[in-house]
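Remarks on the structure that follows.
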Amino acid sequence: MKYLSGMFQGKVFYTAVTLLLVFIMAARTPLDTDLWWHLRAGEEFLDTGRPVMVDTYSFTRQGLSWTNHSYLSQLFLAIAYRLAGFTGVGFLMVLVIVIGVFFILLQMKGHPLFKLPLLILGSLVMAPVWSARPQVFSFLMLGITTWIMYQWKNSQDRRIYRLPFLFILWSNLHGGYPLGLIYLGTILAALGIQQIWMEINRKQFCENREFDLQIRTGWRKVFILVGVLIASYLLTAINPNGIRMWLVPFETVNIHALQTFLDEWSSPNFHQFFQQPFLWLLGSLFLVAALGGHSWKIEDALVVVVFGWMAFIARRNFAPFSIVSLPILSHYLWKKVDGFHAHPFISSIKLAGHSRAIPSSISNMVNLLIVLILLSVGVMKLSWVTSPGLIQSLLPSIAPVGAVKWLKENIPAGRVFNDYNWGGYLIWELRAIPVFIDGRTDLYGDTILNDYIKIIRTDEGWQAELDKWEIGTVIIPPSTPLAKQLKMKDWKIVYEDQRSIIIVR
């Protein structure tokens with residue numbers, strides 16, 4: 001016990017408290033609508049030893065090649081689910097999030113108590129996208145990437161040469177590796193701009209050997225980063241998907257329906273309170289820049305601009321913005337805060353604190369008690385939010401539980417048209433019935449997404465689309481335009497509750 005209490009002193013104690021608070025924030029019910037098809041694919045990988053690379057879950061893309069870039073994350077999710085159900089899935093997500101935050105913490109400047117509120121703010125920004133999905137692994141990979149670059153920029157650390165191997169792992173975990181490439185590209189652009197400026201002003205310092213050495217060192221860094229960036233991109237093809245992984249960034253960007261149809265791909269709506277912490281973080285960066293903008297490095301300013309722009313384009317980029325900007329904010333804000341340490345008032349408080357110092361043995365025990373309390377709260381919260389009783393009570397609010405039960409007992413007529421958000425749940429529960437669509441937007445593309453939108457909104461030609469796809473059964477929310485139209489057509493309601501309705505020809 002004495003050994004344990006001695007461990008939680010100073011920075012170790014504050015770090016433990018910070019990460020445990022993040023643990024408590026990140027522990028949540030793992031009921032994301034996309035989780036189900038990820039679990040199904042991971043389960044098949046676990047059972048067969050081969051990742052799922054051909055679509056067998058839908059009839060709209062049946063038999064086509066599927067660039068399943070999240071197959072390794074799906075495997076981890078399936079293992080966690082098989083070992084401990086939803087508690088295992090929830091713990092896996094919390095573990096990945098906490099490790100990712102730890103790598104952010106390693107890059108931040110200042111006293112641990114100074115870092116704590118900043119990390120809580122950053123966690124509030126990231127929280128809306130902390131869901132039980134493989135994208136959480138991308139946030140971890142981005143945190144490791146920024147940490148490696150932080151080490152390299154400050155000490156020419158040779159760990160930068162490990163980045164291409166990190167991208168191999170990243171591309172097998174999730175298709176979000178372009179976030180890392182964008183970060184590296186932004187740093188490279190900043191270094192390039194800095195070098196060009198130095199070359200332009202070289203004549204003014206023609207006899208300054210130190211300035212000349214800085215130019216040569218700067219160009220060396222540029223060439224190293226160019227090589228690392230190219231290698232990182234090319235090596236993402238070391239993957240069961242092969243060189244198709246090179247196309248992932250372009251395929252996603254070219255799906256225009258994402259921005260108009262899916263909330264996470266749309267621009268932020270700051271009328272919603274849970275999205276406002278992004279503004280608080282951005283405002284803090286602007287304030288610090290206004291107080292000392294002349295001291296900002298061009299690479300830091302460019303990173304904030306690029307990732308801030310991405311966050312304004314799609315709110316799913318809140319987390320990447322928080323990951324790259326928190327170390328920057330802490331660095332420049334601590335410069336301002338650290339200047340107050342020499343103030344007489346602050347010094348008198350420190351002296352008064354030392355005069356009433358608590359014996360170390362007592363303080364160590366108190367620290368250990370605080371850590372144990374926070375750990376207990378985190379474990380209890382995780383156990384509660386992933387308990388079978390709570391899962392079953394919450395499930396009907398996001399999935400058509402009653403309608404699926406009816407479909408299991410009754411053979412549907414013709415093909416099934418389903419609500420987009422329910423596709424994953426149907427894939428998990430109705431193994432023998434292919435869906436029309438689910439969350440695999442990169443598989444369906446604009447073609448199927450636009451067909452779905454036309455049908456569900458009953459835009460012009462929607463009936464022809466139903467006929468084209470030979471739809472005989474529809475399972476959708478009762479409030480949709482399609483449900484209202486079919487009730488007036490030659491279709492029959494065979495099941496209905498507050499959440500879902502099943503209509504057949």
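Owing to the predicted nature of the structure, the values given are computational and were not obtained by experimental measurement. Heads up: numbering here begins at 1 and tracks the sequence.
Remark: the backbone N or O of K109 is paired with a side-chain donor or acceptor of S330 at under 3.5 angstrom. At distances below 3.5 Å, at least one donor-acceptor pair connects side-chain atoms of Y177 with backbone N or O atoms of M245. S171 places a side-chain N or O within 3.5 Å of a backbone atom of T236 that can act as its donor or acceptor partner. For T29 (side chain) and L31 (main-chain N/O), no donor-acceptor pair under 3.5 Å exists by modelled atom type. With hydrogens and angles disregarded, no donor-acceptor distance shorter than 3.5 Å links the side chain of N172 to the backbone of N239. The backbone N or O of G423 sits nowhere less than 3.5 Å from a side-chain atom of W37 that would complete a donor-acceptor pair. Remark: side-chain polar atoms of Q276 are paired, donor with acceptor, to backbone N or O of F270 under 3.5 angstrom. Remark: side-chain polar atoms of S70 are not paired, donor with acceptor, to backbone N or O of S73 under 3.5 angstrom. At distances below 3.5 Å, at least one donor-acceptor pair connects side-chain atoms of Q275 with backbone N or O atoms of N269. Checking side-chain atoms of R28 against main-chain N and O of W130 turns up a donor-acceptor pair under 3.5 Å.
Nearest heavy-atom pair, I323 versus F139, reported as atom, atom and distance to 0.1 Å: CD1-O, 3.5 Å. V222 and Q195 get closest at one heavy-atom pair: CG2-CG, 4.0 Å. Across every non-hydrogen atom of P30 and G90, the tightest pair is CG-N, 4.2 Å. Here the closest heavy-atom approach between residue L443 and residue S65 is recorded as CD1-O, 3.9 Å. A pairwise comparison of heavy atoms in L35 and A132 identifies CD1-O, 3.6 Å as the closest pair. Taking all atoms of both residues into account, the shortest heavy-atom contact from W246 to L234 is NE1-O, 3.1 Å.
Within 6.0 Å of atom CZ in F286, 12 or fewer heavy atoms from other residues, nucleotides or ligands are found, so the atom counts as exposed in its surroundings. Crowding of I243 atom CD1: a count of heavy atoms from other residues, nucleotides or ligands under 6.0 Å not exceeding 12. Remark: F91 CZ is loosely packed, at most 12 non-hydrogen atoms of other residues, nucleotides or ligands lying under 6.0 Å away.
Looking only at atom types and distance, the side chain of T186 has no donor-acceptor partner in the side chain of E299 under 3.5 Å away.
A 4.5 Å side-chain heavy-atom check between I104 and P327 finds at least one atom pair inside the cut-off. A 4.5 Å side-chain heavy-atom check between W66 and V54 finds every atom pair outside the cut-off. Contact of the M310 side chain with the V306 side chain is registered, since non-hydrogen atoms from C-beta on lie closer than 4.5 Å. Proximity of I427 to W36: side-chain heavy atoms (C-beta onward) are nowhere separated by under 4.5 Å. Using a 4.5 Å heavy-atom cutoff, the side chains of Y332 and I328 are in contact. Taking the side chain as every heavy atom from C-beta outward, F321 and L282 approach each other to under 4.5 Å. Under the 4.5 Å side-chain criterion, counting only non-hydrogen atoms from C-beta, I97 is not in contact with M126. Using a 4.5 Å heavy-atom threshold, the side chains of L281 and L326 count as touching.
For the atom pair CG (L179) and OG1 (T146), the distance works out to 11.5 Å, reported to the nearest 0.5 Å. Between atom CG of residue L163 and atom CZ of residue F167 there is a gap of 6.0 Å, rounded to the nearest 0.5 Å. Distance CG/L333 to NZ/K335: 12.0 Å, rounded to 0.5 Å. Distance check: Y161 OH to I148 CD1 gives 13.0 Å after rounding to the nearest 0.5 Å. The CD1 atom of I238 lies 12.0 Å from the CG atom of L169; values are rounded to the nearest 0.5 Å.
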Next on the checklist: Run the side-chain contact (heavy atoms from CB on, under 4.5 Å) test on L173 and S138 for me, step by step, so that the C-alpha distance in whole Å, both residues' side-chain angles and the decisive distance to 0.1 Å come before the verdict.
Outcome noted: CA-CA 8 Å; L173 285 169; S138 270; over 6 Å; no

Next on the checklist: Under the criterion side-chain contact (heavy atoms from CB on, under 4.5 Å), I'd like the reasoning laid out for H174 against M141: C-alpha separation, chi angles, the key distance, then a yes or no.
Outcome noted: CA-CA 10 Å; H174 185 247; M141 293 293 107; over 6 Å; no

Item to check | Derivation of the side-chain contact (heavy atoms from CB on, under 4.5 Å) call for W296 and L285 | outcome: CA-CA 11 Å; W296 273 56; L285 287 161; 4.1 Å; yes

Checklist entry - Yes or no on side chain to side chain donor-acceptor pair (under 3.5 Å) for H38 and Q74, after CA distance, side-chain angles and deciding distance? => result CA-CA 5 Å; H38 284 301; Q74 292 163 356; 3.0 Å; yes

Next on the checklist: I'd like to know whether S232 forms a side-chain contact (heavy atoms from CB on, under 4.5 Å) with L181, so could you lay out the CA-CA distance, the side-chain angles of the two residues, the decisive distance to 0.1 Å, and finally the verdict.
Outcome noted: CA-CA 8 Å; S232 297; L181 297 179; 4.2 Å; yes

Next on the checklist: Please determine whether salt bridge (charged side-chain N to carboxylate O under 4.0 Å, His left out) holds for the pair D55 and R440, giving the CA-CA distance in whole Å, both sets of side-chain angles, and the decisive distance to 0.1 Å.
Outcome noted: CA-CA 10 Å; D55 178 43; R440 296 171 295 164; 2.8 Å; yes

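Classification of the Y71-F45 ring pair by plane angle, with boundaries at 30° and 60°, yields tilted. Taking the six-membered ring where tryptophan is involved, the planes of W334 and F114 are tilted, since the angle between them lies from 30° to 60°.
Evaluation of the side chain to side chain donor-acceptor pair (under 3.5 Å) rule for R40 yields E44 as partners, not counting sequence neighbours. Contacts of L106 classified as side chain to side chain contact (heavy atoms under 4.5 Å, CB included), with partners at least two apart in sequence or in another chain: F102, F103, W147. The side chain to side chain contact (heavy atoms under 4.5 Å, CB included) search around L225 returns M149, W152, I160, L184, I187, L188, L191, not counting sequence neighbours. Taking D300 as the reference, nothing meets the salt bridge (charged side-chain N to carboxylate O under 4.0 Å, His left out) condition, with sequence neighbours excluded. For V377, the side chain to side chain contact (heavy atoms under 4.5 Å, CB included) test picks out I24, I373, with sequence neighbours left out.
The one candidate from Y425, Y57, Y444 that meets the side-chain hydrogen bond (donor to acceptor under 3.5 Å, both in side chains) condition with D438 is Y444.
Aromatic rings from H111 and Y14 are positioned such that their centres are separated by under 6.0 Å. Ring-centre distance between F312 and W309: not below the 6.0 Å cut-off. The aromatic ring centroids of W280 and F273 lie less than 6.0 Å from each other.
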Give every donor-acceptor pair under 3.5 Å between a side-chain atom in residues 75-89 and any protein atom, sequence neighbours left out.
unit_1, atom_1, unit_2, atom_2, d
R82, NH1, D47, OD1, 3.0
R82, NH2, D47, OD1, 3.3
T87, OG1, T386, OG1, 2.9

